[in-house]
Amino acid sequence: MSGALHTPIRRRSLLQAGASAGLVVGFHIPFAGIAAAQQAAPREINAWVLVRPDDTVVIRIARSEMGQGSLTGLAQLVAEELECDWAKVTTEYPTPGQNLARKRAWGNFSTGGSRGIRESHDYVRRGGATARVMLVQAAAQQWNVPVAECVAANSVITHRPSGRTTTYGKVADAAATLTPPAEVALKDPKDWKLVGKRLARLDTVDKVTGKQVYGADLVLPGMLNAAIKDCPVFGGKVKSFNAAAIEKRPGVKKVVRVGDSAVAVIADTWWRAKTALDALPIEWDLGPNATASSAAVAQTLKAGLDAQDAVIGNSNGDAKAALASAARKIEAVYSYPHQNHATMEPMNATAKWTPERCEVWTPTQNGEAALAAASEASGLPPEKCEVYKLHLGGGFGRRGAVHDWVRQSVEIAKQMPGVPVKLLWSREEDMLHGRFHPVTQCKLQAGLDAQGNVTALHMRISGQSILAGVFPQMIQGGKDPVVFQGLNPPGPEASIGYSVPHLLIDHAMRNPPVPPGFWRGVNLNQNTLYLECFLDEVAAATRQDPLALRRKLMASHPKHLAVLNAVAERVGWGRPAADIGGQKVFRGLAQTMGFGSYVAACAEVSVNAEGELKIHRIVAATDCGHAVNPQQIEAQVEGSFAYGLSAALFGECTLKDGRIEQDNFSTYPVVHMRHMPKVETIVMPSGGFWGGVGEPTIAVAAPAVLNAIYAATGKRVRDVPLRHHSLKKA
Amino acid sequence: MAKLNVNGAVRDFEAEGDTPLLWVLREQLGLTGTKYGCGIAACGACTVHIDGVPTRSCVRPVSTVGPGEKVVTIEGLSRDGSHLLQKAWVQLDVPQCGYCQCGMIMAAAALLKDKPNPSDADIDDAMSNICRCGTYNRVRAAIRAAAQGSTRNAGLAIQHADGSVS
């Protein structure tokens with residue numbers, strides 16, 4: 001059984017769900033579907049584990065599932081310590097309202113920064129272990145035997161001396177009444193039976209039959225649908241709109257202002273709402289950014305490359321002096337544009353507002369942030385609000401921090417009290433109103449001695465700060481630490497893999513009027529591209545092998561070096577690659593560290609005489625400390641390459657007349673099946689730490705490919721997407 | 001009231017004639033397995049079969065679908081997830097977020113009907129659906145596995161709760 005409680009809810013009124021058996025333990029199970037209602041009530045052993053009489057175990061997952069597989073990974077960690085039958089595990093999401101009511105019994109709900117497993121593995125394992133101890137104790141008490149003589153495995157408790165057995169389902173009621181142990185011991189990783197195994201996900205079956213309900217699919221009794229348009233120019237407002245022009249259209253119920261910058265149409269169906277909205281005359285007050293353009297922003301960023309004002313992210317020695325006196329200097333300027341998350345499921349939320357209660361059903365990467373947004377928009381305190389989480393049709397960071405679509409949905413629902421209204425963004429709205437990957441440029445300068453050793457490096461990043469747009473309170477002394485991902489001094493999160501005698505990495509903050517957000521991989525993407533491509537430039541200019549050059553700088557960075565060496569060895573770096581399809585094959589390397597993990601990649605490409613690129617294969621290596629589910633890690637690596645290469649090859653979001661020019665996949669092209677290279681992943685967890693998986697590898701795909709393109713063509717690409725460049729032989 | 005033949009049943013519905021088939025399926029007929037991803041036939045999330053032909057329903061006005069044309073959605077591909085492709089998708093754990101996968105499966109089902117043993121080039125041509133999670137390599141492996149009747153060549157060795165490995 002997989003994820004039975006994550007079942008479609010359309011056949012059953014959620015308004016009745018509060019009467020379900022869950023109230024026995026004092027809280028409301030929001031998604032008690034028909035199947036669950038027909039089974040006996042699950043007994044809560046502790047916040048993390050419930051057990052049914054038939055031995056089904058419900059594991060509560062606080063983080064959000066957006067395809068990255070953490071739902072299954074976290075369940076594996078709990079089940080490992082719980083010693084339950086994995087074949088009878090299902091999951092459910094506690095709500096943020098329940099978390100609030102139970103004094104954050106489930107801790108942090110935030111799912112981003114590749115933190116879901118690495119931040120919670122310890123306490124979720126303890127949750128599983130604690131429940132196991134209570135279940136075993138209950139059995140021992142029933143048998144009147146010492147606990148030490150009992151052992152649990154696969155939901156069966158055995159009294160070893162007598163051979164008596166019972167099951168979790170039979171002792172759950174008794175276990176639930178026991179006092180939890182103050183402390184529990186966790187298994188040594190070498191004893192893991194579930195963690196580290198290539199287990200199938202728990203949430204696959206419904207996704208191949210159409211049964212999986214996404215927020216966009218939700219249907220509630222009496223629900224209406226809404227389409228919305230926010231002013232396409234950032235910072236603009238609604239001046240006026242002529243509701244009378246569309247009010248008589250079939251199905252249209254109401255036309256409403258949403259905040260001061262958006263208009264929504266509420267209708268019986270979304271299609272009727274959307275087409276009515278398209279026909280609605282709206283006058284915008286375009287505001288102060290009506291003439292903003294990417295071209296102008298680029299000029300501002302370029303000036304920042306040489307500006308005096310800059311905040312230091314990492315430094316040792318005196319890079320400026322060392323550069324001034326270096327035997328040889330190499331310099332290059334790189335840039336990386338805005339990107340849109342472009343989740344396949346557009347932003348959506350269903351909200352129902354009354355003066356007493358506000359409920360929201362939505363995909364979100366952070367249930368607690370969604371609750372806060374709902375509360376603020378509703379005018380009701382959080383205790384009178386609730387958010388029901390659904391599996392996301394993609395997150396990638398868009399649904400984690402700013403919950404703009406949730407606020408909108410509540411503001412709309414407030415204008416239809418008592419009626420659930422589903423707000424769904426059109427793809428165009430989603431593309432225009434992203435929270436964009438920040439735009440930056442980078443000037444890199446390397447100083448070399450007479451032997452070609454890198455003695456000095458100055459990386460000046462000029463451009464946008466995400467924190468300035470999302471969490472400005474986190475900026476300290478003008479410094480946005482997130483800017484320096486992958487470039488930091490040694491540490492557990494995102495440190496540079498090279499030692500250079502004189503190093504200076506600094507940032508001149510220049511913020512365009514485009515709202516920024518956390519896009520998968522965040523600043524590790526462009527920082528790794530900048531540094532890894534530039535080091536290849538240095539290697540080429542000094543006639544050094546790119547791997548040999550790097551190795552000289554990585555003696556003090558063994559974990560960075562280990563993944564780089566692993567990919568180099570796997571591809572046979574140093575020996576020529578075999579031709580493929582009659583074309584010569586060329587290689588490029590990249591390595592980085594971010595989100596707690598060390599990653600590297602080697603891309604193998606061909607470029608034909610017409611300049612057409614074929615990426616044949618990428619070999620990747622990841623050291624994430626511990627690997628909870630290696631087959632899901634492989635899936636994440638492959639997926640991250642599709643995402644990162646979409647940006648490197650095709651995608652950019654540009655600003656013209658104050659608005660984003662790319663409004664659908666026609667103008668924001670992405671990687672398709674035919675572009676996708678073979679991917680081989682070396683999962684090499686070295687133990688002793690817990691690193692993230694969802695993001696780190698995204699950053700090494702593009703530089704590895706660009707470096708391979710240089711090897712193939714002699715053309716150095718310093719700004720992406722690649723489609724702006726011709727690789728044709730001159 | 002108009003009629004559509006969907007998943008083997010005649011269904012009545014009321015909608016303006018220029019309503020895309022996608023939205024009639026989702027909103028008038030309650031079949032939400034077919035997804036909205038772009039509205040301009042660029043992504044394939046809305047793929048259904050009309051008389052066996054894979055069709056992006058987001059740009060197909062419902063008035064152009066006659067009551068005699070057989071529309072099949074993901075819900076009608078099999079009654080219980082037993083289509084060879086659905087089984088292969090489960091065996092190889094293809095979906096990540098899953099939002100695009102129903103459209104993928106419908107496109108793949110049409111491909112296999114047309115070419116029971118597709119080459120890589122055939123798969124490239126037929127499978128132009130967008131997946132932002134990047135499941136493409138597993139989609140390809142699952143199509144091959146369904147065509148070959150075995151997941152062995154995928155080399156994924158995924159352990160299922162029933163003890164099987166695929």
Side-chain angles (χ1 to χ4, degrees), chain A residues 2 10 66-69 86-87 197-201 203-214 216-217 219 225 250 269-272 342-346 391-396 424 426-428 631-632 634-635 638-643 664-666 670-674 676 678-679, chain B residues 15-16 19-20 23 26-28 30-40 42-43 45 73-75 77-78 80-81 85-86 89-91 93-102 105 123-125 127-140 156-162 165:
Chain A
S2 61
R10 60 177 172 271
M66 48 182 160
Q68 86 282 37
W86 180 249
K197 297 294 184 288
R198 304 174 66 84
L199 300 186
R201 292 172 63 133
D203 55 340
T204 294
V205 174
D206 284 353
K207 292 177 180 180
V208 309
T209 59
K211 283 209 179 76
Q212 184 65 53
V213 174
Y214 298 86
D217 305 327
V219 177
N225 288 275
T269 70
W270 188 78
W271 183 254
R272 287 186 176 132
T343 58
M344 284 313 298
E345 180 193 16
H391 290 338
L392 289 72
F396 311 117
L424 171 67
S426 66
R427 173 59 59 190
E428 288 79 9
Q631 69 98 353
Q632 279 302 300
E634 291 161 11
E638 287 181 16
S640 75
F641 285 173
Y643 207 82
N664 211 313
F665 291 114
S666 44
V670 297
V671 159
H672 284 69
M673 169 85 76
R674 64 186 181 276
M676 192 67 195
K678 291 186 172 52
V679 177
Chain B
E16 289 71 54
T19 308
W23 291 104
R26 288 178 60 81
E27 303 205 273
Q28 275 77 6
L31 295 165
T32 55
T34 310
K35 305 300 183 197
Y36 167 69
C38 71
I40 61 167
C43 79
T73 70
I74 187 72
E75 292 91 345
L77 189 67
S78 73
D80 50 0
L85 283 166
Q86 289 170 314
W89 246 247
V90 170
Q91 285 172 324
D93 244 9
V94 176
Q96 291 184 26
C97 89
Y99 192 82
C100 76
Q101 296 291 309
C102 294
I105 290 169
I123 293 173
D124 282 350
D125 288 341
M127 301 302 295
S128 58
N129 297 50
I130 294 177
C131 171
R132 286 294 276 162
C133 295
T135 65
Y136 299 118
N137 288 351
R138 290 217 186 173
V139 169
R140 186 190 298 277
L156 286 172
I158 295 170
Q159 299 170 20
H160 298 271
D162 64 2
V165 177

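A note on names: the letters A, B, ... follow the listed sequences, proteins ahead of strands, and every chain is numbered from 1. Scope of the values below: all heavy atoms of this structure, side chains included, with no hydrogens, waters or symmetry mates.
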Side chain from CB out, backbone as N, CA, C, O: work out which of these in [X] comes under 4.5 Å of a heavy atom of chain A, or both, or neither.
X      : answer
B:D125 : neither
B:Q28  : side chain
B:I105 : side chain
B:T19  : both
B:E27  : side chain

Would you sort out whether A:W270 and B:R26 count as a side chain to side chain contact (heavy atoms under 4.5 Å, CB included), showing the intermediate values? CA-CA 10 Å; A:W270 188 78; B:R26 288 178 60 81; over 6 Å; no
Suppose we screen for side chain to side chain donor-acceptor pair (under 3.5 Å). Which residues come up paired with B:T34, at least two apart in sequence or across chains? none
Using the test side chain to side chain donor-acceptor pair (under 3.5 Å), find all partners of A:S666 that sit at least two apart in sequence or belong to another chain. none
With respect to chain B, which residue among A:G395, A:G394, A:G393 yields the maximal number of heavy-atom pairs within a distance under 4.5 Å? A:G393
Can you tell which of A:E638, A:H672, A:M66 has the highest number of heavy-atom pairs within less than 4.5 Å of chain B? A:H672
Is any side-chain heavy atom of [X] closer than 4.5 Å to a side-chain heavy atom of [Y]?
X      : Y      : answer
A:Y643 : B:C133 : no
A:D217 : B:K35  : yes
B:Q86  : A:T209 : yes

Which atom names give the shortest non-hydrogen contact between [X] and [Y], and what distance separates them?
X      : Y      : result
A:A642 : B:G134 : CB-CA, 3.6 Å
A:A200 : B:H160 : CB-ND1, 3.5 Å
A:F665 : B:G37  : CE1-O, 3.9 Å
B:A161 : A:W86  : CB-CD1, 4.3 Å
B:P95  : A:T204 : CD-CG2, 3.8 Å

Measuring from [X]:[atom1] to [Y]:[atom2], what's the distance to the nearest 0.5 Å?
X      : Y      : atom1 : atom2 : value
A:M344 : B:N129 : CE    : CG    : 8.5 Å
B:Q101 : A:Q212 : CD    : CD    : 12.0 Å
A:K197 : B:Q159 : NZ    : CD    : 7.0 Å
A:E345 : B:C100 : CD    : SG    : 12.0 Å
B:I158 : A:E634 : CD1   : CD    : 8.5 Å
A:R674 : B:S128 : CZ    : OG    : 7.0 Å

If you apply the rule side chain to side chain contact (heavy atoms under 4.5 Å, CB included), what do you find for B:I123 with A:M673, and how did you get there? CA-CA 8 Å; B:I123 293 173; A:M673 169 85 76; 4.1 Å; yes
Say whether, by atom type as modelled, one donor and one acceptor occur between the side chain of [X] and the main chain of [Y] under 3.5 angstrom.
X      : Y      : answer
B:Y36  : A:A216 : no
B:D93  : A:Q632 : no
A:R427 : B:G39  : no
B:R132 : A:A342 : yes
B:Q96  : A:A635 : yes

Using the ring of each side chain (for Trp, its six-membered ring), is B:W23 parallel, tilted or perpendicular to A:W271, with breaks at 30° and 60°? parallel
Show your reasoning for whether side chain to side chain contact (heavy atoms under 4.5 Å, CB included) applies to B:T32 and A:V213. CA-CA 8 Å; B:T32 55; A:V213 174; 5.5 Å; no
Heavy-atom cut-off 4.5 Å, strictly under: side chain, backbone, both or neither for A:F641 against chain B? neither
Select one option (side chain, backbone, both, neither) describing which atoms of A:L199 are under 4.5 Å from chain B's heavy atoms. both
Going by an N to O cut-off under 4.0 Å, is there a salt bridge joining B:E16 and A:R272? yes
Heavy atoms only, distances under 4.5 angstrom: which of B:G98, B:C131, B:G33 has the most pairs with chain A? Name it, please. B:G98
Hey, mind stepping through A:R198 and B:V165 against side chain to side chain contact (heavy atoms under 4.5 Å, CB included) and telling me if it holds? CA-CA 9 Å; A:R198 304 174 66 84; B:V165 177; over 6 Å; no
